[in-house]
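Working notes, structure below.
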Amino acid sequence: MRKSKKLLSCALALTMIMGMTACSDDNTNPNPNNSTNAPANGQAGDNSTSGATTTAMTTVDPNEKAKTDEEAKDIASSDFAPDGNAGTLEFLGYYDITDGSDQYLTFQTEQWGGTIEWISCGSGAAYTEKLATLIAADDSPDLVTYEWVSFPGNMSKNMYEPLDDYFDLDTALWADMKSSVEDFSYNGKHYYYPYRIKSNFALNYNRKTVLDAGLEDPYDLYMAGNWTWDTWREMMIEFCNQDETNIGYCSTADVIAAFVATTGTNFVDVKPDGTIENNLGSANVSRAMTFVENLHRDGLMYNKELGDWVPPTLWATNSEQVLFLGMEPSWAYSDATKAIQNPTGVDNDVHDTVSDFAFVPFPRDPSSDVYYQAYDTFGYMVPKGAQNIKGAVDWIYCNRIYETDENVKAVAKQEAVHPEEVYYVEGTHAGKRKWQMMWDERVYDLWIEMQDPEKFSFSFDDCYGFNDELSSTIIGYGILTEIMFNGASYTQLSNEYMSAVESILDEYR
């Protein structure tokens with residue numbers, strides 16, 4: 001039996017992440033370097049299936065994390081050469097960035113000379129509090145992940161080291177990230193150099209469901225330039241008219257913010273000069289929310305028929321009833337596929353098969369000539385008082401070089417659409433093949449395209465980055481929840497909460 005030397009690429013790390021409920025005051029970023037069991041992005045809400053017609057399928061198997069025959073890749077950049085002295089880093093986080101990480105295999109080589117020690121902590125408020133405690137005790141870790149609350153919330157508390165002296169945004173290595181780095185500048189300094197951008201949320205669907213309903217594939221509409229608010233709404237109306245139990249759109253309320261972003265306006269926007277804009281009364285935001293109100297009135301919105309929250313695994317077994325699932329696309333695509341093809345254990349795994357699942361970006365605002373899309377970033381930050389800043393900077397470079405290496409990207413696609421076989425070399429599954437998802441090539445290409453700043457104008461709603469009170473008021477269990485699930489009036493709610501939102505923002509002005 002042949003044993004391949006295949007590696008799961010960094011670019012595919014999101015395709016294997018496992019879901020979990022969200023923390024209270026910031027996002028639960030997926031581990032972009034981990035192929036299994038990393039927290040999932042976005043607010044999940046209460047993972048309840050009370051009243052559900054079917055239950056989610058579990059694929060948890062501790063033996064699936066056993067060592068395989070994977071090896072490190074060689075990566076290189078003309079803009080940075082490691083000196084082999086990265087040393088030992090202390091990483092504070094709620095998941096292990098070294099577990100199953102291609103980059104960490106590279107970081108440990110003689111070329112880089114680095115190791116990482118993981119300091120485990122809780123997510124959400126517990127994570128921020130732990131970091132603040134270590135900084136105050138002069139015992140700072142060397143590395144943390146960027147979290148939504150990092151900007152501007154934690155930056156305003158002086159919790160990170162500025163990194164301007166270590167990175168040159170005018171080099172080719174950072175050319176594609178320059179605007180994003182600038183977006184996160186704070187008081188003229190740069191604390192965060194993300195190594196990757198990605199679409200935040202998208203519309204996931206089952207192509208078989210679309211075909212059976214006699215609808216046009218959203219992918220074809222997108223490719224033809226006809227994927228707009230109006231075509232999205234018309235498709236959901238036609239689908240829901242076919243069966244009274246059909247659901248047009250399902251998500252948690254916070255995902256609606258990604259739809260609002262297609263107008264080019266966010267609820268809250270922090271400008272490079274530090275100005276904070278409250279856009280609750282913006283004409284664009286009001287127009288988008290009125291559209292959502294009408295979706296609810298037309299009976300197209302999810303009404304918790306399957307429970308408070310529908311994770312990808314539950315949607316996979318109900319996708320003939322739910323036309324669109326609003327969720328981070330690679331997570332939804334991979335976990336839905338895994339639910340069908342990778343039941344517990346390995347003996348019944350379905351290999352070398354493309355699933356019927358797919359996704360498209362949120363539709364284009366028909367009033368705009370620009371295709372705006374909500375986006376997110378991955379990256380690391382250096383806490384105030386870190387002892388090994390040089391090593392942390394090396395790790396950031398390692399991730400950025402890995403992300404931009406043309407050979408790695410080419411191999412990543414090959415591994416996605418035509419994965420070679422990988423076998424376990426220890427544990428109860430030794431000698432058996434490890435399940436790997438086979439991407440549909442056009443879905444993979446669209447996923448890459450959705451991260452291209454030449455195809456989209458990206459925006460991020462800064463309302464996530466202040467505190468739990470603000471994000472809950474607007475995105476979480478406040479305004480958007482009332483509109484999506486209860487059909488409330490945006491005009492009424494925005495007027496009601498305007499002074500409270502202004503009061504919170506004034507603390508940072």
Side-chain angles (χ1 to χ4, degrees), residues 9-14 29 32-33 73-83 86 102-103 106-107 111-112 143 145-146 150-151 155 160-200 261 264 266 269-273 330 361 370-382 389-390 392-413 416 444-460 462:
S9 144
C10 164
L12 294 179
L14 290 181
N29 269 336
N33 304 322
K73 285 188 176 77
D74 293 326
I75 58 174
S77 169
S78 60
D79 293 323
F80 179 80
D83 61 7
D102 289 3
Q103 294 91 324
T106 299
F107 194 60
Q111 181 186 18
W112 292 81
L143 193 72
T145 54
Y146 155 77
S150 300
F151 174 82
M155 287 186 191
Y160 309 110
E161 294 283 355
L163 301 176
D164 303 74
D165 294 338
Y166 301 95
F167 301 101
D168 185 354
L169 290 176
D170 293 324
T171 60
L173 185 63
W174 293 99
D176 292 343
M177 300 303 300
K178 186 172 183 177
S179 62
S180 293
V181 174
E182 294 295 347
D183 283 345
F184 291 98
S185 62
Y186 187 77
N187 285 343
K189 294 184 179 181
H190 301 88
Y191 299 87
Y192 177 46
Y193 287 73
Y195 68 84
R196 182 198 304 164
I197 61 175
K198 73 173 188 70
S199 59
N200 197 357
N266 296 310
D269 191 11
V270 179
K271 298 295 185 182
D273 64 359
S330 60
V370 177
Y371 205 142
Y372 292 100
Q373 184 184 189
Y375 87 124
D376 203 354
T377 61
F378 285 134
Y380 297 92
M381 305 179 71
V382 181
I389 297 179
K390 187 266 182 193
V393 167
D394 281 2
W395 172 251
I396 295 172
Y397 266 115
C398 181
N399 281 269
R400 181 58 185 162
I401 294 171
Y402 197 100
E403 186 72 17
T404 57
D405 188 288
E406 291 300 326
N407 179 62
V408 170
K409 290 193 290 185
V411 171
K413 179 176 178 178
Y444 183 88
D445 287 343
L446 178 57
W447 181 48
I448 298 301
E449 182 172 310
M450 287 167 62
Q451 303 169 47
D452 187 351
E454 294 186 3
K455 298 287 187 179
F456 297 91
S457 180
F458 294 114
S459 63
F460 182 79
D462 293 322

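- Here Leu169 contributes atom CG and Tyr193 contributes atom OH; the two are 5.0 Å apart, rounded to the nearest 0.5 Å.
- Considering all non-hydrogen atoms of both residues, Val370 and Ser457 come closest at CG1-CB, 3.6 Å.
- Judged as a side-chain hydrogen bond (donor to acceptor under 3.5 Å, both in side chains), and not counting sequence neighbours, Asp176 has no contacts.
- Residues Phe378 and Asn399 have side chains not in contact (no heavy-atom distance under 4.5 Å, counting atoms from C-beta outward).
- Note that CG of Leu173 is 5.5 Å distant from CG of Asp79, once rounded to the nearest 0.5 Å.
- Distance check: Tyr444 OH to Ser330 OG gives 10.5 Å after rounding to the nearest 0.5 Å.
- By the side-chain hydrogen bond (donor to acceptor under 3.5 Å, both in side chains) test, Asp445 pairs with Lys413, sequence neighbours left out.
- Residues Met177 and Tyr195 fail the side-chain proximity criterion, which asks for heavy atoms closer than 4.5 Å.
- The structure places OG1 of Thr377 at 4.0 Å from CZ of Phe184, a figure rounded to the nearest 0.5 Å.
- Going from atom OG1 of Thr404 over to atom CZ of Arg196 covers 12.0 Å, rounded to the nearest 0.5 Å.
- Annotation for Phe107 and Ala86: closest pair CZ-CB, 3.5 Å, computed over non-hydrogen atoms.
- Evaluation of the side chain to side chain contact (heavy atoms under 4.5 Å, CB included) rule for Asn187 yields no partner, not counting sequence neighbours.
- Evaluation of the side chain to side chain contact (heavy atoms under 4.5 Å, CB included) rule for Asp183 yields Tyr375 as partners, not counting sequence neighbours.
- A salt bridge between Glu403 and Arg400 is absent, with no side-chain N of the basic residue lying under 4.0 Å from a carboxylate O of the acidic one.
- Inter-residue side-chain proximity for Ser179 and Phe458 is flagged as unmet; no heavy-atom pair is nearer than 4.5 Å.
- The two atoms that bring Tyr372 and Ala261 nearest to each other are CB-O, 3.3 Å, heavy atoms only.
- For residues 160-170, the pairs satisfying side chain to side chain donor-acceptor pair (under 3.5 Å) are Ser150-Tyr160, Asn154-Tyr160, Asp164-His190, Asp170-Lys178, with sequence neighbours left out.
- Distance check: Tyr380 OH to Tyr192 OH gives 10.0 Å after rounding to the nearest 0.5 Å.
- Residues Pro82 and Tyr397 fail the side-chain proximity criterion, which asks for heavy atoms closer than 4.5 Å.
- In terms of modelled atom types and a separation under 3.5 Å, the side chain of Asn266 and the main chain of Phe460 share a donor-acceptor contact.
- Scanning all heavy atoms of the two residues, the minimum distance from Phe151 to Ser185 falls at CE1-O, 3.5 Å.
- Using a 4.5 Å heavy-atom cutoff, the side chains of Val181 and Pro194 are in contact.
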Please report the C-alpha distance between Phe167 and Trp174 in whole Å, then the side-chain angles of each, then the deciding distance to 0.1 Å, and finally whether the side chain to side chain contact (heavy atoms under 4.5 Å, CB included) criterion is met. CA-CA 8 Å; Phe167 301 101; Trp174 293 99; 3.5 Å; yes
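- Proximity of a side-chain donor or acceptor of Asp405 to a complementary backbone N or O of Ile75 within less than 3.5 Å is not detected.
- Under a 3.5 Å cut-off, the side chain of Gln373 and the backbone N or O of Met450 do form a donor-acceptor pair.
- Within the 4.5 Å cutoff, no side-chain heavy atoms of Thr106 are placed close to those of Ile401.
- With sequence neighbours excluded, the residues that form a side-chain hydrogen bond (donor to acceptor under 3.5 Å, both in side chains) with Asp394 are Lys390.
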